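These numbers come from a predicted model, not from an experiment.
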Amino acid sequence: MPERLTEMLMDVWTPLIILWITVLPSIYMAPLNQSQALPSGSSMGLNGLNGEQRVLNRSKRGWVWNQMFVLEEFSGPEPILVGRLHTDLDPGISKIKYILSGDGAGTIFVINDKTGDIHAMKRLDREEKAEYTLTAQAVDRDTNKPLEPPSEFIIKVQDINDNAPEFLDGPYHATVPEMSIVGRNLTILMIFLFPFILAIIKTALPNMDREAKEDYFVVIQAKDMGGHMGGLSGTTTVTITLIDVNDNPPKFAQSLYHFPVMEDVALGEPIGRVKANDMDVGENAKSSYDIIEGDGMDLFEITPDAQTQDGIIRLRKPLDFETKKSYTLKVEAANVHIDPRFISGGPFKDTATVKIVVEDADEPPVFSSPTYLLEVHENAAINSVIGQVTAHDPDMSSSPIRFSIDRHTDLERQFNINADDGKITLATPLDRETNMWHNITIVATETRNHSQVSRVPVAIKVLDVNDNAPEFASEHEAFLCENGKPGQVIQTVSAIDKDDPKNGHFFLYSLLPEMVNNPNFTIKKNEDNTLGILAKHNGFSRQKQEVYLLPIIISDSGNPPMSSTSTLTIRVCGCSNDGIVQSCNVEAYVLPIGLSMGALIAILACIILLLVIVVLFVTLRRHKNEPLIIKDDEDVRENIIRYDDEGGGEEDTEAFDIATLQNPDGINGFLPRKDIKPDLQFMPRQGLAPVPNGVDVDEFINVRLHEADNDPTAPPYDSIQIYGYEGRGSVAGSLSSLESSTSDSDQNFDYLSEWGPRFKRLGELYSVGESDKET
């Protein structure tokens with residue numbers, strides 16, 4: 001009740017206040033200066049009131065005001081009078097001239113220079129400009145001299161209800177689930193020019209069905225002044241969309257489907273499609289498909305298509321036309337998401353019958369993929385499997401498939417393939433830096449019908465591994481001035497790496513551990529992956545040392561990191577004062593003995609070369625003088641069989657016929673042994689067929705070794721065969737212990753561990769034997 005009373009009072013007083021504001025400026029006049037408005041005798045009269053008291057008069061301005069008012073959007077036949085300026089200095093004989101300046105003076109506001117009346121010449125809009133600041137001044141009409149200082153005042157534009165409510169973000173959109181109950185709220189935030197309104201719309205009908213009508217359009221009207229007479233209004237539209245709920249089951253378009261299929265269809269290929277329509281949309285329309293009955297449940301499967309919501313029937317196992325020519329399936333479609341509120345409406349599923357007819361076909365082998373892309377690291381081991389291709393014979397006979405490589409696409413024979421399972425193996429080492437891609441063609445052929453052939457391209461990408469150490473980009477030789485300064489950059493060097501890491505190259509530079517405290521030079525890594533060589537001091541002299549060698553270790557950031565050591569040659573030279581190299585020849589400095597440094601180095605190199613030749617000659621003579629037969633008292637009789645025919649390396653031409661290795665085609669039969677003659681005689685083995693020209697020696701030896709290991713006629717005794725080239729005349733000497741002049745107890749076999757990984761096992765066996773003797 002108090003709120004209603006307040007609204008009634010506002011309705012009554014608002015027009016009155018507007019009228020008062022409108023009328024007041026038209027009758028407004030500036031107050032007169034009381035001191036000047038009074039007659040001159042008035043002052044004397046006041047003085048006469050009290051002769052003993054002195055009356056003091058304060059000097060006042062001729063006019064005083066602060067602001068005027070005018071209504072906006074006022075339009076009429078005549079300009080509206082805003083107010084009047086007047087000063088008590090005006091005697092009324094038109095000697096005063098009023099001047100107006102400031103915002104809109106002369107265009108919007110005009111003053112009568114005689115009367116001081118101010119008129120508005122145009123319609124004003126408070127929303128564009130709410131107030132105007134003006135300056136008034138009274139001057140003498142004849143001389144234009146100011147009679148009083150200028151005075152500033154403000155004209156304010158009074159607001160009227162001339163703007164209707166405006167929706168800024170309209171039209172609006174709201175949603176509500178279908179099948180909602182009556183009175184469900186829809187909340188909409190509507191924004192106006194200044195305030196905002198929270199509008200609440202409620203449903204008025206029950207069980208609104210989206211499938212029948214999805215969108216509803218509502219017009220919203222907003223009125224100002226509380227909706228009273230004279231107020232303005234604005235409208236906007238609200239689109240209300242019903243949100244789908246799962247209230248409809250799926251339904252097959254037909255109850256029986258027929259699909260013909262060739263017997264050679266690939267596994268997983270689509271055979272046919274069935275579709276169950278659902279009037280719902282989105283997640284509510286998704287359906288799952290299953291085969292619930294039929295004589296081909298193990299041969300076929302059905303999966304949903306995420307895009308079209310169809311049921312795709314695919315083949316799980318190969319078909320055989322001669323065995324069975326048709327299949328009958330019963331498929332079911334059911335909603336994935338079921339709303340429990342509508343479950344009482346019935347089962348959300350449907351069924352249909354599918355009949356599949358198998359047709360006969362005769363086709364070549366079919367690969368599992370139209371193309372293959374294989375990847376292999378460049379450090380992959382020989383004979384390692386890098387990938388596999390598969391194919392099958394779709395015919396009823398199901399002929400086996402044999403795989404091969406079209407050698408026209410693999411001229412260097414870098415790959416092999418298993419003819420039975422299609423596994424591709426590596427035949428030769430790969431180098432990514434030489435060839436990054438290899439494209440070969442795999443051929444699949446039916447063994448029972450060689451005319452049935454299929455081909456498939458295989459692309460093999462060689463992946464990079466960090467197998468190349470960085471090195472200097474070029475052979476660098478730095479020149480150092482004798483008059484150089486400490487910290488001066490002598491040379492800037494860069495490195496290269498044949499590898500191609502994903503994140504680019506990043507090199508680390510360092511000096512050798514023994515050169516870290518080099519007194520002459522230091523290094524500094526630059527941001528551009530280069531290295532700067534700096535001198536630590538000055539005073540370098542060609543007489544003292546002409547050339548300095550600075551080994552630098554360059555490492556990359558690979559895994560594992562690779563590194564190399566490159567030596568930078570720094571030559572001391574004579575330079576001008578500007579640092580320009582003039583001479584690097586050390587022969588200009590004559591040594592006291594009269595020989596240059598180059599001559600001394602040449603003489604020293606000759607002496608060293610002669611010493612090396614003498615040492616090699618003495619060593620070879622000592623090896624030739626060693627006895628070939630061991631002494632009787634050093635003969636070991638336990639489990640050692642003595643052979644007088646030990647291979648002599650390259651100098652021995654009796655123990656093994658080297659011509660066999662040089663010409664494998666000449667061997668067609670059994671090779672007699674040249675060691676101890678066996679007691680029993682066996683029939684010679686049947687020789688292998690001649691080996692074609694161009695066979696690798698290593699392959700030939702492996703074949704003969706396999707033949708010897710599997711020969712049942714081989715005698716059961718040990719035999720020494722020489723396959724290496726170490727023997728008589730070798731610097732390493734003989735590895736046999738048969739001619740050793742010392743016994744096992746006198747020898748130390750620790751040196752076997754220093755011979756490399758091939759002798760590691762032998763060293764472990766001898767070390768175990770020594771430990772057993774001590775225990």
Worksheet item: Can you check whether Arg432's main-chain N or O pairs, donor with acceptor, with Glu378's side chain at less than 3.5 Å?
Response: yes
Worksheet entry | Sole candidate of Val615, Leu616, Leu609 that passes side-chain contact (heavy atoms from CB on, under 4.5 Å) when paired with Ile613 | Leu609
Discussion item. Tell me yes or no: SG of Cys481 and SG of Cys573, less than 2.5 Å apart?
Written reply: no
Solution key, residues 437-445 side-chain donor-acceptor pairs under 3.5 Å, sequence neighbours excluded:
| unit_1 | atom_1 | unit_2 | atom_2 | d |
| --- | --- | --- | --- | --- |
| His438 | ND1 | Gln414 | OE1 | 3.2 |

Practice prompt. Count the heavy atoms of every other residue, nucleotide or ligand shown that sit under 6.0 Å from NZ of Lys536, and state whether that count exceeds 12.
Written response: yes
Worksheet item: Would you find a donor on one side and an acceptor on the other, under 3.5 Å apart, between the side chain of Gln491 and the backbone of Phe479?
Response: no
Practice prompt. Supply the atom-to-atom distance Asp497 CG to Asp556 CG, rounded to the nearest 0.5 angstrom.
Written response: 5.0 Å
Item to complete: For the pair His408 and Asp406, evaluate side-chain hydrogen bond (donor to acceptor under 3.5 Å, both in side chains) and give the outcome as yes or no after the intermediate values.
Response: CA-CA 5 Å; His408 291 90; Asp406 186 352; 3.1 Å; yes
Worksheet entry | Glu412, CD atom: more than 12 neighbouring heavy atoms under 6.0 Å | no
Worksheet item: Got Leu374 and Lys461 here, is their nearest side-chain heavy-atom distance under 4.5 Å?
Response: no
Worksheet entry | Qualifying residues under side-chain contact (heavy atoms from CB on, under 4.5 Å), relative to Lys525, sequence neighbours excluded | Phe506, Tyr509, Asn529
Worksheet item: Is a donor on one side and an acceptor on the other found under 3.5 Å between the side chain of Ser454 and the backbone of Pro365?
Response: yes
Worksheet item: Can you tell me if CG on Asn517 sees more than 12 non-hydrogen neighbours from other groups inside 6.0 Å?
Response: no
